[in-house]
Amino acid sequence: MEVVAGPFDVPASDMQMDHHTHDDEGMKSPMIVVPWPVVGGLGGFRLAAYDSEGNELPRDLLHHVIAVNFDRRQLVYPIPERLFGVGTETPDVKLPGFLEVPLQEGDSLGIYAMWNNTTGRELSDVYLQVVLPYRSDGKARQEAMPIYMDTNNNIGGKTSFDLPPGRSEESYEFELPVGGGLLAASGHLHDYGVELRLEDAETGKVITKLEPVRDDQGHVLAMEQRVYRRLFKLLDARIRLEAGKRYRVVGVYDNPTSDTIPDGGMAHIVGLFVPDDPKAWPALDRSSEAYQKDVAALPAPIGGSHVHH
Ligand SMILES: [Cu+2]
């Protein structure tokens, strides 16, 4: 499936976007709402921005592109799934052929971009292209769901936090309602990010750790991506996560300046999770306060009325 949306006028960002808070409304596109058009799961995603002549614009114009699945709950939080959330540091993703993210025909997806226009002038007539490959051959595949684990997930509010000078940590503890295996993980950190960790909250044991690629000033250029592979099916290297056990997600920063950077940090791990029992996946409660708050904070939808309020 390909979604092309636009034209959008994209104002110049102020040059302090390093310290963005992700909730500057002027920098967000509206939410493009589309029903999943096929019988078959999702096989990855590819993103690009173009000008009105069809010339591709620099990828870093897209600070974030988020796809919300209004028809499945997140595993950790009682709010709609983020099918993917792609930052400048995230490359396009093509899942291996044996894997898919299951979607049902008609599932309501909402896609929006947050811009980061560092050209110093407003760009007009910008088009956003989102390509979502799907599995249409009817073959049985391993089904994996996105999992999102944030150190500061204020539902409906900002997930950024202040960075004091020196080394600091932000963390959050949670339990999963369904056990399963973590197949792959990556994440998101801002500049001066040092690492992301997933820990057993009872023992403090580090389950997995992800490090950013940084330049010598501490700017985050990319995040490590880990795939916990099966080796010739002899070794199942997936990370087991148990239902009802306490886990902790930790983001570590080292701010080299002598000042606190307001809203300078964000830290979350995203991954692909294979539930032991997909039927036990918790249902989305659209009447819950968390759901209402989350949906109310999303950009206004265009292109349809498939968002369930
Ligand atoms: Cu961020």
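Start at 1 with the first residue, then count along the sequence. Order of appearance sets the numbers: ligands from 1, and atoms from 1 within every ligand.
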Practice task
Just grab all the side chain to side chain donor-acceptor pair (under 3.5 Å) pairs involving residues 40-50, residues at least two apart or on different chains.
Solution key: Tyr50-Gln129

Practice task
Could you pull out the atom name of the N/O/S atom in His190 that is nearest the Cu ion (ligand 1)?
Solution key: NE2

Practice task
Taking both backbone and side-chain atoms into account, decide whether Ser160 has an N/O/S atom under 2.8 Å from the Cu ion (ligand 1).
Solution key: no

Handout entry: Option among Arg246, Arg248, Lys245 that satisfies the side-chain hydrogen bond (donor to acceptor under 3.5 Å, both in side chains) test with Asp200
Key = Lys245

Practice task
Answer yes or no for His63: is there an N/O/S atom below the 2.8 Å cut-off from the Cu ion (ligand 1)?
Solution key: no

Practice task
Report yes or no: does His188 have an N/O/S atom closer than 2.8 Å to the Cu ion (ligand 1)?
Solution key: yes

Completion exercise
Per side chain to side chain contact (heavy atoms under 4.5 Å, CB included), Ile269 is matched among Leu198, Val250, Ile147 by Leu198

Exercise for the section: Applying side-chain contact (heavy atoms from CB on, under 4.5 Å), run through Leu123 and Leu61 and close with a yes or a no. Expected result: CA-CA 10 Å; Leu123 295 172; Leu61 180 63; 3.9 Å; yes

